[in-house]
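Scroll down for the structure; my scribbles are underneath it.
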Amino acid sequence: MAVDDIPDSGLHLEVAAPAAVRAEVARLAGLRDLRQLSAVFDLSRRNARVRVTGRVNARVGQNCVVTLEPIESDLEENVDLLFAPEAGASHSADPTSDEEPPEPLVGGKLDLGAVATEFLLLGIDPYPRKPGVTFAKLDTDDEHARPLAAPLEALKKRLGGS
C-alpha cells in the first residue's frame with residue numbers, strides 16, 4: 001500500500017488470506033496446516049511516517065512435540081509499528097533510547113501482508129504440546145529406564161575401559 005493512499009483521517013483495513021496464500025505461509029513456517037489467517041490494521045499518517053496498529057489472528061495446525069499428535073491452536077498477536085522513509089528509518093534512532101527504530105518504507109510503500117506474516121511467525125509456538133502433556137523425567141536408577149546400560153558396561157570392560 002502506498003503511503004500517499006492513506007487519508008489524513010487514517011485508514012482501517014480488515015484482510016483475510018485466501019487458501020493459496022495460507023498454504024504458502026504454512027509451508028514457509030513449517031506448519032502442518034493454517035486454517036485461518038486474518039488481520040485488522042489501523043493506519044495513521046504523519047508526514048512521511050506511518051503508524052500501523054492492529055492484530056493478526058490465525059488458526060495454526062502443528063504436531064505435538066511429545067506425542068506427535070496433530071493439534072490446533074489459536075494465535076492472536078498485537079501489532080504496533082512505525083514506518084519511516086528508508087533514509088530516516090535507519091539513522092533516526094537514538095542508541096541510548098529504549099524506543100524501537102522505525103521500520104523502513106521501501107519506495108513509499110508498506111507491505112501489510114509481510115507485516116501479518118511476520119507477526120504470525122513471531123507468535124507460533126516452536127514447541128507445541130497437547131494440553132496436559134508433559135515431558136517425563138526418566139528414573140535413571142531403574143534398569144528398565146536404561147536398557148542399554150548393561151551392554152554398554154560389558155563393552156567398556158571388553159575394550160579395557162573403566
Side-chain angles (χ1 to χ4, degrees), residues 1-140:
M1 161 166 275
V3 172
D4 293 338
D5 292 342
I6 302 170
D8 292 337
S9 60
L11 185 62
H12 178 81
L13 295 172
E14 296 182 20
V15 294
V21 171
R22 290 194 322 267
E24 185 61 26
V25 172
R27 186 194 62 73
L28 170 74
L31 298 172
R32 183 179 44 78
D33 189 24
L34 184 56
R35 292 185 187 260
Q36 183 258 334
L37 174 59
S38 62
V40 175
F41 294 120
D42 289 307
L43 289 70
S44 59
R45 184 178 73 165
R46 183 183 299 168
N47 300 323
R49 290 178 168 232
V50 177
R51 174 147 321 265
V52 177
T53 58
R55 73 179 173 281
V56 174
N57 295 297
R59 181 91 174 141
V60 177
Q62 296 175 280
N63 291 323
C64 174
V65 295
V66 179
T67 66
L68 302 180
E69 294 177 64
I71 57 173
E72 288 195 355
S73 56
D74 291 316
L75 180 137
E76 183 174 311
E77 289 293 312
N78 291 321
V79 176
D80 187 359
L81 293 172
L82 179 64
F83 288 84
E86 288 181 278
S90 60
H91 301 295
S92 65
D94 176 3
T96 61
S97 172
D98 287 339
E99 188 175 312
E100 290 285 324
E103 299 291 323
L105 279 171
V106 180
K109 296 183 179 189
L110 58 104
D111 184 348
L112 295 175
V115 170
T117 302
E118 178 181 340
F119 277 82
L120 167 73
L121 294 173
L122 289 170
I124 293 172
D125 183 353
Y127 304 105
R129 283 184 277 160
K130 188 174 175 180
V133 173
T134 60
F135 287 106
K137 183 177 178 185
L138 293 177
D139 180 7
T140 55

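These numbers come from the heavy atoms of this one structure, side chains and all, not from hydrogens, waters or symmetry mates. Numbering starts at 1 and runs along the sequence shown.
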Does the [X] side chain pair with the main chain of [Y], one donor and one acceptor, at a distance under 3.5 Å?
X	Y	answer
Asn47	Arg49	no
Arg55	Val40	no
Arg35	Gly61	no
Gln62	Asp125	yes

[atom2] on [Y] to [atom1] on [X], rounded to 0.5 Å:
X	Y	atom1	atom2	result
Glu100	Leu81	CD	CG	9.0 Å
Leu31	Asn63	CG	CG	10.0 Å
Leu11	Asp42	CG	CG	8.5 Å
Leu28	Thr117	CG	OG1	7.5 Å

Smallest separation among heavy atoms of [X] and [Y], with atom names:
X	Y	answer
Ala29	Leu121	CB-CD2, 3.4 Å
Asp111	Gly113	OD1-N, 3.0 Å
Arg22	Leu37	CD-N, 3.7 Å
Leu120	Ala58	CD1-CB, 3.6 Å
Ile6	Met1	CG1-SD, 4.0 Å
Ala48	Val3	O-CG1, 4.5 Å

Report task. Mark yes when over 12 heavy atoms from residues, nucleotides or ligands other than Arg32 sit less than 6.0 Å from its CZ; otherwise mark no. Result -> yes
Query raised in the report: Taking atom CG of Asp80 as the centre, does the number of heavy atoms from other residues, nucleotides or ligands within less than 6.0 Å exceed 12?
Result: yes
Requested in this report: Take Leu34 and Val60 through the side-chain contact (heavy atoms from CB on, under 4.5 Å) test and state the conclusion after the steps.
Outcome: CA-CA 5 Å; Leu34 184 56; Val60 177; 4.2 Å; yes
Requested in this report: Go through the steps for Leu112 and Leu13 under the test side-chain contact (heavy atoms from CB on, under 4.5 Å), then give the verdict.
Outcome: CA-CA 10 Å; Leu112 295 175; Leu13 295 172; 3.5 Å; yes
Query - Test log, rule side-chain contact (heavy atoms from CB on, under 4.5 Å), inputs Arg45 and Asp4 - result: CA-CA 9 Å; Arg45 184 178 73 165; Asp4 293 338; 3.9 Å; yes
Query - Residue that, paired with Phe83, satisfies side chain to side chain contact (heavy atoms under 4.5 Å, CB included) out of Leu105, Leu43, Val106 - result: Leu105
Query raised in the report: Tell me the salt bridge (Lys or Arg N to Asp or Glu O under 4.0 Å) pairs involving residues 58-70, sequence neighbours left out?
Result: Arg59-Glu72, Arg59-Asp74, Glu69-Lys130
